[in-house]
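Inspection log for the structure reproduced underneath, given as structure tokens.
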Amino acid sequence: MKTASIKFDRFNEMQDDACHERIRAARARLGDSAVILAHHYQRADVYQYADLTGDSLKLSRLASQTDSQYIVFCGVHFMAEVADIMSKPHQRAILPDMAAGCSMADMANLAKVERCWRELNTVLNAEEAVTPITYINSAADLKAFCGDHGGIVCTSSNAGTIAKWAFAQREKILFFPDQHLGRWTGHTMGIPLDEMIVWDPDLEMGGLTPEQIRQARLLLWKGHCSVHQMFQPAHILKFRNQYPDGIVISHPECSFEVCRQSDYVGSTELIVKKIKEAAPNTRWLVGTELNLVNRLAEEVKPEGKIVHFMAPTVCMCSTMQRIDPQHLAWTLENLAEGNVVNEIKVPEHEARLAKLALERMLAVS
Ligand code: 13P
Ligand code: SF4
């Protein structure tokens, strides 16, 4: 039976131990009606409760395959939006803390992308010449924009395949919001750097001349991840000098130079897989978020594998970090009482077009 929703104030100051007890009790009451999904970057004290874990691509697939009434997403806002878009009508997507956003996703918005499209149309026929690709790290209305303009969504694990599909549709790509993933993807496809140009959304015509736009094959939105920009080529150089046999692996949100100097570049899922499957006693330098790296380092330690974090400073995804035991306990307890809190609901017309772009991605990859 539904009761008045429990206020978060009661959990805000609660000690972690008490939260863990309440999470376990609420989970037991919820049974199969709730499933907890967690991204690899989740903090350990929350990640331990996940029923399903993965990178963005895997989680978007898993979200569409579960049957539970409540999909509790321990990740960031755009991930819970994808879960809502891909879920069945009886399912509700929940984000334990609404403040868990993605600063990179916020670097592009619909007004700016529509302005970019209008400006491109003054130089060429964008609808015929440009396929828009949005990285999954973006708001639902940008996915809907892509659905509506013959475009598609990509993740860090399928960007190459998606870009090939996009070039088969039209001669150019507009890639947003992460310039680094776009550039690295273009590079792996053999596109020269001077045919990939940066569109600055704060400048008229992206700060480009009509000639530059006509010449370009890939237009890269000027966006980046504040966590991955902390990793520098100098960190790799220092590691290689110290450990000549060490292996370097980075996420493609890192800068071009970091990716170029890495032995492997790939999504969080690929990073986990590569290191878990590596030979015993190998040494790794990893350029991605700290929670993942710390967890992985512990997991592979018994095989004699040593995992180093690439930056000398602490680089956590501060927004993912917001999903803490207090918010998880509050969310689950409310759900167990029949109160749906922090539901993520994408408006119907937006969800329909965003789903089109997501389904194109899932079909292609
Ligand atoms: P993955 O697709 O590799 O999980 O990356 C998502 C992300 O936000 C990395 O910063
Ligand atoms: Fe967004 Fe960067 Fe956090 Fe990934 S690590 S969710 S791109 S802010």
Side-chain angles (χ1 to χ4, degrees), residues 37-43 46-47 50 52-63 73-83 86 95-109 133-139 142-143 153-162 175-182 184-185 221-231 249-255 258-259 262 264-275 286-296 309-311 313-323 358 361-362 365:
L37 268 60
H39 186 265
H40 289 304
Y41 292 165
Q42 275 302 305
R43 41 195 286 169
V46 165
Y47 190 88
L52 303 165
T53 61
D55 66 358
S56 313
L57 179 63
K58 190 168 162 193
L59 289 173
S60 64
R61 280 213 170 92
L62 291 172
F73 215 117
C74 298
V76 286
H77 195 272
F78 73 82
M79 297 178 181
E81 279 188 336
V82 171
M86 302 308 285
L95 183 66
D97 185 348
M98 288 299 203
C102 163
S103 56
M104 175 211 279
D106 294 342
M107 289 180 190
N109 63 40
I133 301 183
T134 187
Y135 187 22
I136 198 164
N137 295 37
S138 58
L142 292 183
K143 296 182 177 82
V153 177
C154 79
T155 72
S156 60
S157 51
N158 63 16
T161 311
I162 299 298
F175 191 99
F176 44 87
D178 185 20
Q179 61 169 303
H180 298 300
L181 175 63
W184 182 251
T185 303
W221 195 264
K222 195 178 175 193
H224 65 269
C225 165
S226 48
V227 177
H228 289 84
Q229 75 166 359
M230 303 298 280
F231 306 118
I249 189 163
S250 302
H251 195 278
E253 287 173 16
C254 293
S255 72
V258 166
C259 292
S262 298
Y264 300 101
V265 177
S267 75
T268 54
E269 190 74 13
L270 180 119
I271 293 172
V272 171
K273 189 168 178 297
K274 267 268 177 251
I275 299 181
V286 184
T288 199
E289 204 265 356
L290 186 59
N291 280 300
L292 181 157
V293 179
N294 282 345
R295 183 180 317 117
L296 197 52
F309 184 58
M310 195 177 281
T313 47
V314 175
C315 304
M316 279 177 180
C317 176
S318 56
T319 44
M320 286 260 182
Q321 193 74 6
R322 286 181 175 271
I323 312 282
L358 281 159
M361 171 186 84
L362 294 174
S365 57

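We count ligands from 1, going down the list as the structure has it; atoms in each ligand are counted the same way. Numbers here are sequence positions counted from 1.
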- Run through the protein N/O/S atoms less than 2.8 Å from atom 2 (Fe) of ligand 2 and write them out by chain and number. Cys225 SG

- Main-chain N/O of Thr134 paired to Ser138 side chain as donor or acceptor, under 3.5 Å: no

- Task: Kindly tell me which protein residues have any non-hydrogen atom under 4.0 angstrom away from an atom of ligand 1, grouped by chain and ordered by number?
- Result: His39, Tyr41, Asp55, Ser56, Tyr135, Asn137, Ser156, His228, His251, Glu253, Ser267, Thr268

- Centroid-centroid distance, Phe309 to Phe231, less than 6.0 Å: yes

- Task: Pick out which of Asp55, Thr288, Asn291 makes a side chain to side chain donor-acceptor pair (under 3.5 Å) with Tyr41.
- Result: Thr288

Please report, to 0.1 Å, the donor-acceptor pairs under 3.5 Å made by any side chain of residues 98-105, with sequence neighbours excluded.
| from | atom 1 | to | atom 2 | distance (Å) |
| --- | --- | --- | --- | --- |
| Ser103 | OG | Ser226 | OG | 3.3 |

- Query: Should the heavy atoms of other residues, nucleotides or ligands under 6.0 Å from CE of Met230 be counted, would the total exceed 12?
  - Reply: no

- Message: Angle between ring planes, His228 versus His251, binned at 30° and 60°: parallel, tilted or perpendicular?
- Response: tilted

- Sequence neighbours left out, what passes side-chain contact (heavy atoms from CB on, under 4.5 Å) with Met107? Give chain and number order. His224

- Can you tell me how far CD of Glu289 sits from SG of Cys225, rounded to the nearest 0.5 angstrom? 9.0 Å

- Test item: Arg43 side-chain N/O and Met320 main-chain N/O as donor-acceptor pair under 3.5 Å: no

- Message: Is it the case that the side chain of Arg322 and the backbone of Val76 share a donor-acceptor pair, with hydrogens and angles ignored and the cut-off at 3.5 Å?
- Response: no

- Task: Pull out every atom of ligand 2 sitting under 4.0 Å from any heavy atom of Tyr41, numbered as shown with elements.
- Result: 4 (Fe), 5 (S)

